[in-house]
Amino acid sequence: MAHAAAHHPAVLHADLDAFYASVEQLLDPALRGRPIAVGGNERGGVVLAASYEAKAHGVHGGMAGWRARQLCPSITFVRGHFGEYQRLADAVMAVLADITPAVERISIDEAFLDITGATHLFGTPREIGRRIRAQVRHEVGLPISIGGARTKHLAKIASQVAKPDGLVVVEPGTEQTFLDPLPVGLMWGVGPVTERALTSEGIRTIGDLARARPKDVERLLGHATGAKLSALSHDEDPRRVSTGRVRSVGAQSAMGRNTPTSQSVRSVLNHLADRVAGRMRAKHRAGRTVTVRVRFVPMRSVTRSLTLDAPIATTLTLTEVAEQLVWQAISDQERPSEAMPEISLLAISVSNLVPQHVIQLELPLPPADPRRPGSATGVARWALDQSVDAIRAKFGTDVVDYLPAALGRRRGVPEEFRELAEHEL
DNA sequence: TCTGGGGTCCTAGGACCC
DNA sequence: TCTGGGGTCCTAGGACCC
């Protein structure tokens with residue numbers, strides 16, 4: 001009785017158009033139809049998002065503000081309304097959840113839906129796509145593009161082709177015809193480096209890639225990337241819509257240029273460790289591998305990592321491990337004179353995460369660490385973090401702050417943006 | 001003129017185990 | 001007489017994505 005077509009796997013990819021910029025134009029009608037940039041300004045800073053009117057001039061996210069002004073003199077820079085972004089994106093996700101519970105949110109403004117089962121209730125993928133777009137437009141007021149296909153990869157490409165404010169469904173049986181003429185750069189996993197490598201071999205379209213021998217592609221790009229892209233070019237995508245688990249938690253802080261001192265390194269790491277460990281505790285996770293990144297002037301990054309015997313989730317222990325690793329990275333640097341190398345960024349990330357729903361005693365410190373007098377035990381550290389977490393839950397994040405006053409001002413990015421980025425998980 | 005912040009996955013060599 | 005073979009984990013670096 002069921003149609004054969006109903007048994008095709010069906011995936012939608014829903015992607016809000018120029019999300020931050022569209023929200024600003026929704027909130028302030030005077031901005032509609034005009035080139036705007038969220039974040040940055042004519043003197044510098046980074047553009048977080050550009051409206052389509054600005055994109056038409058070549059402006060895009062990640063671009064320096066001065067460059068955006070150069071390309072588009074009439075551009076308007078606006079400050080972000082980060083709370084609104086979260087609220088409106090959540091409202092859109094609620095529309096998606098009305099269609100199916102099988103929603104995989106991959107960033108604040110983007111999600112996959114497995115609608116294989118929902119077609120019985122709501123009709124064909126095209127009909128479901130139309131329904132979602134209309135509902136998001138009417139209930140939230142934002143433009144959204146949707147791609148539909150049998151696989152995630154193709155659904156995502158279809159939504160990119162649909163932009164702005166469109167719907168493209170790739171009907172079963174037409175996949176290769178759809179893919180072949182498209183540029184390889186549209187494929188998931190092809191960035192500037194891979195695209196250059198492919199172009200150097202005369203491979204410009206997905207069809208070119210599909211016709212190339214997988215062996216040759218693997219030799220060009222490496223085993224995993226080559227095999228993956230060859231398969232994707234033939235519309236072979238094994239990925240299922242699912243809610244993936246978080247594998248690492250991290251935070252970073254850019255610092256202009258800075259000659260590191262024990263105090264400055266310690267206070268920045270304490271701040272970062274507090275963010276990371278606090279989020280881990282909120283998710284009931286602890287982790288065994290601590291990785292730090294140090295970016296030297298000019299723009300050369302190194303990482304150092306250490307895997308502990310037992311997982312940790314306390315701010316102080318994480319700070320101490322990170323501190324060791326950072327000084328290790330700095331002292332590894334070759335330098336012509338006695339001078340301390342300048343650094344421009346510090347980052348901490350914790351991986352090898354495990355669930356941690358009960359109190360676990362942390363092994364204090366790696367043997368190499370010189371224990372300071374008065375250093376708290378694992379239990380005391382855990383208790384300290386618990387009380388800080390509780391106070392913050394009651395009175396807000398700013399009440400207890402590890403951030404030294406010197407770093408409190410002139411931060412590169414609004415604090416709200418950091419919190420938003422955390423929520424993109 | 002001056003480059004944000006949060007993630008995932010892959011590679012390659014070495015250590016270590018059976 | 002001379003050098004197994006597979007698997008896993010760790011570390012450092014890099015490409016890529018939003």
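Below, chains carry the letters A, B, ... as their sequence lines are ordered, and counting in each starts from 1. For clarity, every value in this text was computed on a predicted model and none was experimentally measured.
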To the nearest angstrom, the OH-P distance between A:Tyr20 and B:dG6 comes to 12 Å
Task: Salt bridge A:Glu175-A:Arg150, side-chain N to carboxylate O under 4.0 Å - done: yes
Scan A:Thr194 against the nucleic acid and name what it touches under 4.0 Å (heavy atoms): base, sugar-phosphate only, or nothing.
sugar-phosphate
| query | What's the verdict on side chain to side chain donor-acceptor pair (under 3.5 Å) for A:Thr289 and A:Thr307, showing C-alpha distance, side-chain angles and the deciding distance? | reply | CA-CA 4 Å; A:Thr289 301; A:Thr307 300; 3.0 Å; yes
From the candidates B:dG6, C:dA15, C:dG13, the one with an atom nearest any side-chain atom of A:Arg275 is B:dG6
A:Arg196 CZ to C:dG14 P, in whole Å, measures 14 Å
**Item:** Audit row: A:Ser301, A:Arg293, side chain to side chain donor-acceptor pair (under 3.5 Å) steps and yes/no
**Value:** CA-CA 7 Å; A:Ser301 289; A:Arg293 189 158 69 95; 3.0 Å; yes
When both distances are under 3.5 Å in a Watson-Crick or G-U wobble arrangement, the nucleotide paired with B:dC18 is C:dG5
Assign each of A:Trp66 and A:Val46 the nucleotide of DNA chain B bearing its closest heavy atom; nearer the 5' end lies the nucleotide of A:Trp66
A:Leu345 atom CG is separated from B:dG6 atom C1', nearest whole Å, by 12 Å
Whole-Å distance, A:Met187 CE to C:dC17 P, equals 11 Å
Tell me whether A:Asp332 contacts the main-chain N or O of A:Ala329 through its side chain, where contact means a donor paired with an acceptor under 3.5 Å.
no
Q: Rounded to whole angstrom, note down the C1' distance from C:dC17 over to B:dG4.
A: 15 Å
Within residues 291-299 of chain A, the residues having a heavy atom closer than 4.0 Å to DNA chain B are A:Arg295, A:Met299
Under 4.0 Å, heavy atoms only, any strand: does A:Arg69 hit a base, just the sugar-phosphate, or nothing? nothing
### Pair A:Glu53 + A:Arg34, salt bridge at N-O below 4.0 Å
no
Report the C-alpha separation of A:Val38 and A:Val47 in whole Å, then their side-chain angles, then the decisive distance to 0.1 Å, and conclude whether the side chain to side chain contact (heavy atoms under 4.5 Å, CB included) test is met. CA-CA 6 Å; A:Val38 180; A:Val47 174; over 6 Å; no
When rounded to whole Å, the CG to C1' distance for the pair A:Asp109 and C:dC17 reads 12 Å
Q) Hey, does the side chain of A:Thr303 come within less than 4.0 Å of C:dG13's phosphate (OP1/OP2), counting only N and O? A) yes
(request) Indicate the ring-plane relationship of A:Tyr85 and A:Tyr20, choosing parallel, tilted or perpendicular according to the 30° and 60° boundaries. (result) parallel
Whole-Å distance, A:Met255 CE to B:dG4 P, equals 12 Å
When rounded to whole Å, the CD to P distance for the pair A:Glu104 and C:dC18 reads 13 Å
message = Regarding A:Gln70, tell me which of base, sugar-phosphate or nothing describes its non-hydrogen contacts under 4.0 Å with the strands shown.
response = nothing
Practice problem: Identify whether any heavy atom of A:Asn352 sits under 4.0 Å from a base atom; if not, whether one sits that close to sugar-phosphate; answer base, sugar-phosphate or nothing. | Solution: sugar-phosphate
- prompt: What is the nucleic acid contact for A:Arg304, judged by heavy atoms within less than 4.0 Å: base, sugar-phosphate only, or nothing?
  reply: sugar-phosphate
Please determine if A:Arg239 forms a cation-pi arrangement with A:Trp188, meaning its NZ or CZ atom is less than 6.0 Å from the six-membered ring centre and no more than 45° off the ring axis.
-> yes
Could you list the protein-to-nucleotides 9-12 of chain B atom pairs, N/O on both sides, closer than 3.5 Å?
residue: B:dC9; atom: OP2; partner: A:Arg247; partner atom: NE; Å: 3.3
residue: B:dT11; atom: OP1; partner: A:Ala224; partner atom: N; Å: 2.6

Taken to the nearest whole Å, CG/A:Leu198 to P/C:dA15 is 14 Å
Rounded to the nearest 0.5 angstrom, the CZ-OG1 distance for A:Phe112 and A:Thr151 is 8.5 Å
Side chain to side chain contact (heavy atoms under 4.5 Å, CB included) between A:Thr100 and A:Asp114, intermediate numbers included: CA-CA 7 Å; A:Thr100 171; A:Asp114 184 340; 5.7 Å; no
